[in-house]
Participant: 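Following this message is one structure expressed as structure tokens.
Owing to the predicted nature of the structure, the values given are computational and were not obtained by experimental measurement.
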There are 2 protein chains.
Amino acid sequence: MAIPRAAQTQRRTRIQEEKEERILEAALDVFSANGFRGSTIDQIAEAAGMSKPNLLYYFRTKDAMHRQLIDRVLSTWLEPLRALDAEGNPEAEIRSYIRRKLEMARDFPRESRLFANEVLQGAPHIEDELKGPLKELVDEKAEVIRSWTRTGKIAKCDPYHLIFSIWSTTQHYADFDVQVRAVLGQAYAGEGRFEDAARFLEQLFMGGLLPR
Amino acid sequence: MAIPRAAQTQRRTRIQEEKEERILEAALDVFSANGFRGSTIDQIAEAAGMSKPNLLYYFRTKDAMHRQLIDRVLSTWLEPLRALDAEGNPEAEIRSYIRRKLEMARDFPRESRLFANEVLQGAPHIEDELKGPLKELVDEKAEVIRSWTRTGKIAKCDPYHLIFSIWSTTQHYADFDVQVRAVLGQAYAGEGRFEDAARFLEQLFMGGLLPR
DNA sequence: GTAAGCTTTTACCAACCGGTCAAATTATCT
DNA sequence: AGATAATTTGACCGGTTGGTAAAAGCTTAC
């Protein structure tokens, strides 16, 4: 009798870890491509190579899978911002923040789309995370940036909108990938577009568009 | 016998125009908030204040509603880019393009989210529009921008990524509205954030972040 | 007014979806 | 090897979903 669900047992077996990993991997695929409501348990089960009831043995509900996925991904997702160092050189810190965010869009597009889907549809499952941990982190780093503007190391500007603009420009290459590919056409189908984007964004944020 | 569906008749009656308008308005509400798969015909019918079969009398399928909505919205959505004038002053043209895109994010957030939902999930319904009309328009305007960089009116930069960055930064305020609100908190709950954003984006695109 | 066509509603269906259950199978421990 | 616990499966269920059929109600042109 399998009273103890995987998630409840104290000691997780090797099988449990493996299967949960496979499920979350498949769930990331499906949720990021179709959104929460647009995804079905059957799709995830098939992507994970197991039957639906078997999947539901490890995660009791679709919600539970989604929640765990969000929790796991959120902390790594905010890592680049967390790494913004108040003691570092302002220009280099921002430059490297942009670079790291763009690398994440390139290397973890599914994670980006998972959040984008969620936020776009009103963030029904992660409202608390947005208003809590996310806001606190952004508030803290905004204060760091503001102190840099005060010492004249970077131009006076609204730190919140600066952060928004870095998020949006970099994540655009993950979230709107099909559009970017469609517009750039076959010529830029490779990963070269990320290098071009890196060059452009560095120029934009560092120097603006006007000739100096 | 109602053989001729509304959409097929040559001459559309007043009732048809009114009802189709109400339906598309409701569909925009629902599709933009929930995505295509996440929306149900019942939701749209309720939002439009009519019964589901009645709605299906005007649009035979969910797909048909969505397609017509996309078609209708796409052309107005691209209007600001179309207005980019090769003969105008480069700096002023780009400045005004950014301003108009930001105004659209403020005044037509549902339209923005409709596209965002669609593109985010792989653009299954609008692939042709992206690779056709959209690409052609962007190609044309990218050439205009490139000519401006050649005459030194604006700094040398990749025109495609410039356009992407304008799209992403402005649409961010529509597509990720809940996140923006959550991070800014109650203080900026009003529309003041759009003015702040306008100021910031003008500064970013015109002057960059480095002190001049 | 009345006939013809247009619009709306009621009842309905088959497929899908999230989730359950009990039995069968497999892994683990002694 | 055998007992015990963990895992997997097939059959199933109630609710939802996209869509249909047919008849009732309403407009409009003559």
Participant: Name the closest nucleotide to the A:Thr40 side chain, picking from C:dG19, C:dG18, D:dG19.
Facilitator: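 When the side chain of A:Thr40 is considered, C:dG18 is the closest of C:dG19, C:dG18, D:dG19.
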Participant: Does D:dT8 have its OP1 or OP2 closer than 4.0 Å to a side-chain nitrogen or oxygen of A:Ser51?
Facilitator: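 So the side-chain polar atoms of A:Ser51 never come under 4.0 Å of the phosphate oxygens OP1 or OP2 of D:dT8.
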Participant: Rounding to a whole Å, what distance do you find between B:Phe59:CZ and C:dT8:P?
Facilitator: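 From B:Phe59 CZ to C:dT8 P: 13 Å.
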Participant: Nearest to the side chain of A:Ile41, which nucleotide is it out of C:dG19, C:dT7, D:dA21?
Facilitator: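 Ranking C:dG19, C:dT7, D:dA21 by closest atom to the A:Ile41 side chain puts C:dG19 first.
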Participant: So if I take every side-chain heavy atom of B:Thr61 and compare against D:dG19, C:dT7, C:dT20, which nucleotide ends up nearest?
Facilitator: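 For the B:Thr61 side chain, the nearest candidate turns out to be D:dG19.
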Participant: Is the distance from the ring center of B:His66 to that of B:Phe59 below 6.0 Å?
Facilitator: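 That pair fails the under 6.0 Å test.
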Participant: Is the shortest distance from a Lys or Arg side-chain nitrogen in A:Arg22 or A:Glu18 to a carboxylate oxygen in the other one below 4.0 Å?
Facilitator: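 No.
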Participant: If each of A:Arg37 and A:Leu55 is mapped to the nucleotide of DNA chain D with the nearest heavy atom, which maps nearer the 5' terminus, i.e. the 5' end?
Facilitator: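 With A:Arg37 and A:Leu55 compared, the 5'-side residue is A:Leu55.
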Participant: Roughly, in whole Å, what's the span from CE in B:Met50 to C1' in C:dC6?
Facilitator: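 Atom CE in B:Met50 sits about 15 Å away from atom C1' in C:dC6.
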Participant: Check the distance between C:dC17's C1' and A:Asn34's CG and give it to me in whole angstrom.
Facilitator: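 To the nearest whole Å, that distance equals 14 Å.
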Participant: Answer yes or no: does a side-chain N or O of B:Tyr57 lie under 4.0 Å from OP1 or OP2 of C:dT7?
Facilitator: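 B:Tyr57 to C:dT7 OP1/OP2: side-chain N or O found under 4.0 Å.
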Participant: Would you mind reading off the distance between A:Lys52 atom NZ and D:dT7 atom P, rounded to a whole angstrom?
Facilitator: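 It is 21 Å, rounded to the nearest whole Å.
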Participant: Does a nitrogen or oxygen in the side chain of A:Asn54 sit under 4.0 Å from OP1 or OP2 of D:dT7?
Facilitator: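 False: A:Asn54 side-chain N/O out of range (4.0 Å or more) of D:dT7 OP1/OP2.
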